[in-house]
Amino acid sequence: MVMRRRGVLLKLLVALPSLWLVATLVTLSDKPDKDAAVAGGGGGPMELPPVVRLRDSNNQHQQQQQQPPPPQPPQPPPSPPLPPHQQPDLKPEVIKTKTEEPHEVHPEQGVLLPPHEPSGPGEMGKPVVLPKDLDPAIKKKVDEGWKNNAFNQYVSDMISVHRTLPDPRDEWCKAPNRFLDNLPETSVIVCFHNEAWSVLLRTVHSILDRSPPQFLKEIILVDDNSDMPHLMQQLEDYMAQYPKVRIVRAPKREGLIRARLMGARHATAPVLTFLDSHCECTAGWLEPLLARIAHNSQTVVCPVIDVVSDDTLEYHYRDSSGVNVGGFDWSLQV
């Protein structure tokens, strides 16, 4: 009986570890299937922790970057170049500014509008003297200028319309804050009839260049029925670039006084200033005139009128400290 009990115990000791080993193997083999059933079952996807989600998204992004780009569609072959006669005429865009001045030569005007140069002809009011032995073609133009204008138009056309002039003012006039800051505005009225191109433009530019803009309301050019071609559309096109310049045209010849009255009817400033069409304004010309009117609105003022040579266009001026009284000499010159 003792031997039989020992045999049964021995069998139990051998069978129990075997059963435990078999049960462990069965449990391990069933666990992946259960995990797969939980992940893909009807209960929805399993939510990962935040760190795992971030790592999983990074892995997906890296996988997407590692994927090769989709193949590009085949490009059509380049078209053959056009023959020279069929190629489009591509011209660069030219931007024209309103400050440009025409420098071409007009047959009626001779040498026209040379560029402004500090040492150019006539600068600082210096004379322009032509040589005695002129070419016959130039001599003909000089003679025609004298005939049409009673002055040397050829020399005028050689001088810039923006030429510089000396400052003839007294030192007392040049002192800062000499005049009021709230001076009245003025309309400058310039009457002309068949005036030379360069002389008329030099008059207008001297007004624009040497007048304080806050005091210059406008420049009214009164055309007293001119018939020269350069005073028609050419003048309209040139003055269109200056907003302060207006052109008024008389339908018939009116004469100087009626032409000035016509300009006065078109003026909009409280002060009227009348100038000739062949003059040049120097620095500081306008402020003293307006200052006298600002103190007394019934004042009629007249500036000092210097002389520009009709032959060389030299600017002659004298000491402004002296007394200047208007009058006439025996040749009826002012």
Side-chain angles (χ1 to χ4, degrees), residues 98-99 101 161-163 165 167-169 173-193 195 197 199-226 231-232 235-306 308 320 324 326 334:
K98 288 191 174 183
T99 56
E101 294 182 356
V161 296
H162 297 276
R163 80 156 169 177
L165 293 174
D167 189 348
R169 293 178 297 168
C173 299
K174 300 178 184 179
N177 303 321
R178 175 61 65 192
F179 305 104
L180 300 175
D181 294 333
N182 56 344
L183 296 176
E185 291 182 314
T186 183
S187 297
V188 179
I189 301 172
V190 178
C191 301
F192 66 92
H193 173 75
E195 187 64 85
W197 175 261
V199 172
L200 180 60
L201 263 60
R202 192 174 300 113
T203 299
V204 173
H205 282 295
S206 69
I207 300 171
L208 292 172
D209 296 344
R210 302 188 180 103
S211 302
Q214 66 272 24
F215 303 145
L216 179 63
K217 180 69 177 295
E218 59 193 351
I219 301 175
I220 300 178
L221 300 180
V222 182
D223 176 17
D224 192 8
N225 201 238
S226 301
L231 298 174
M232 303 303 172
L235 183 64
E236 297 279 352
D237 295 340
Y238 186 90
M239 293 303 173
Q241 59 187 319
Y242 302 103
K244 289 191 175 184
V245 180
R246 292 193 293 147
I247 301 177
V248 177
R249 299 189 183 273
K252 61 184 181 66
R253 187 70 189 274
E254 297 290 349
L256 178 60
I257 301 303
R258 284 193 294 267
R260 287 182 172 180
L261 293 176
M262 179 185 296
R265 287 194 294 269
H266 289 81
T268 59
V271 177
L272 304 180
T273 303
F274 297 96
L275 293 180
D276 290 337
S277 58
H278 40 263
C279 68
E280 298 179 60
C281 299
T282 58
W285 75 280
L286 183 59
E287 296 92 318
L289 304 178
L290 297 179
R292 303 306 191 276
I293 297 175
H295 289 294
N296 184 358
S297 60
Q298 297 181 347
T299 302
V300 178
V301 295
C302 179
V304 174
I305 301 176
D306 297 316
V308 176
S320 60
N324 294 273
V334 179

| task | Please confirm whether the backbone N or O of Val188 pairs with a side-chain atom of Thr273, one donor and one acceptor, at under 3.5 Å? | result | no
| message | Using side-chain heavy atoms (C-beta onward) and a distance below 4.5 Å, is Met239 in contact with Leu201? | response | yes
| Should we count CZ of Arg292 as having more than 12 external heavy atoms under 6.0 Å? | no
| request: Give a yes or no answer on whether the side chain of Ser187 reaches the backbone of Ala269 with a donor-acceptor pair at less than 3.5 Å. | output: yes
| note | Exactly one of Asp209, Ile207, Thr203 clears side-chain contact (heavy atoms from CB on, under 4.5 Å) with His205, and that residue is Asp209
| Tyr238 and Trp197 aromatic ring geometry - parallel, tilted or perpendicular at 30°/60° bounds | perpendicular
| task | Measure the spacing between OG1 of Thr186 and CD1 of Ile293 and express it to the nearest 0.5 Å. | result | 7.0 Å
| Is there a donor-acceptor pair closer than 3.5 Å between any side-chain N or O of Lys244 and the backbone N or O of Pro213? | yes
| message | I'd like to know if the side chain of His193 and the backbone of Asp224 have a donor-acceptor N/O pair within less than 3.5 Å. | response | yes
| field | Close side-chain approach of Ile219 and Tyr242, heavy atoms under 4.5 Å | value | no
| query | Which heavy-atom pair separates Cys302 from Leu289 by the least distance, and what is that distance? | reply | C-CD2, 4.2 Å
| Evaluation steps, salt bridge (Lys or Arg N to Asp or Glu O under 4.0 Å), between Arg202 and Asp276 | CA-CA 12 Å; Arg202 192 174 300 113; Asp276 290 337; over 6 Å; no
| task | Evaluate the criterion salt bridge (Lys or Arg N to Asp or Glu O under 4.0 Å) for residue pair Arg169 and Glu287; output intermediate values, then yes/no. | result | CA-CA 12 Å; Arg169 293 178 297 168; Glu287 296 92 318; 5.8 Å; no
| Leu200 vs Leu231 side-chain heavy atoms within contact, under 4.5 Å | yes
| field | Residue pair Gly263 / Ile189: nearest heavy atoms and the distance that separates them | value | C-CD1, 3.5 Å
| request: Heavy atoms only: give me the nearest Trp285-Leu275 pair and the separation to one decimal. | output: CH2-CD1, 4.0 Å
| message | Determine whether a donor-acceptor pair (N or O, by modelled atom type, separation under 3.5 Å) exists between the side chain of Asn296 and the backbone of Gln298. | response | yes
| said: Side chains of Leu286 and Cys281, heavy atoms from C-beta outward: is any pair under 4.5 Å? | reply: no
| request: Side-chain contact test, heavy atoms from C-beta onward, threshold under 4.5 Å: evaluate it for Leu235 versus Asp223 and give yes or no. | output: no
| query | Once you round to the nearest 0.5 Å, how far does CE of Met262 lie from CZ of Arg249? | reply | 12.0 Å
| field | Any donor-acceptor N/O pair, Arg178 side chain to Lys174 backbone, under 3.5 Å | value | no
| field | Closest non-hydrogen atom pair between Pro288 and Phe179, with its separation | value | CG-CZ, 3.6 Å
| note | Value for CZ (Phe192) from CG (Asn225), rounded to nearest 0.5 Å, stands at 10.5 Å
| said: Could you measure the distance from the CZ atom of Phe274 to the CG atom of Leu261? Nearest 0.5 Å is fine. | reply: 7.0 Å
| request: Count the heavy atoms of every other residue, nucleotide or ligand shown that sit under 6.0 Å from CG of Asp181, and state whether that count exceeds 12. | output: no
| said: Are the side chains of Val222 and Glu254 in contact, using a 4.5 Å heavy-atom criterion? | reply: no
| Value rounded to 0.5 Å, distance of CD in Glu195 from NE2 in His278 | 6.0 Å
| If you round to the nearest 0.5 Å, how far is CZ of Arg260 from CD1 of Ile220? | 13.5 Å
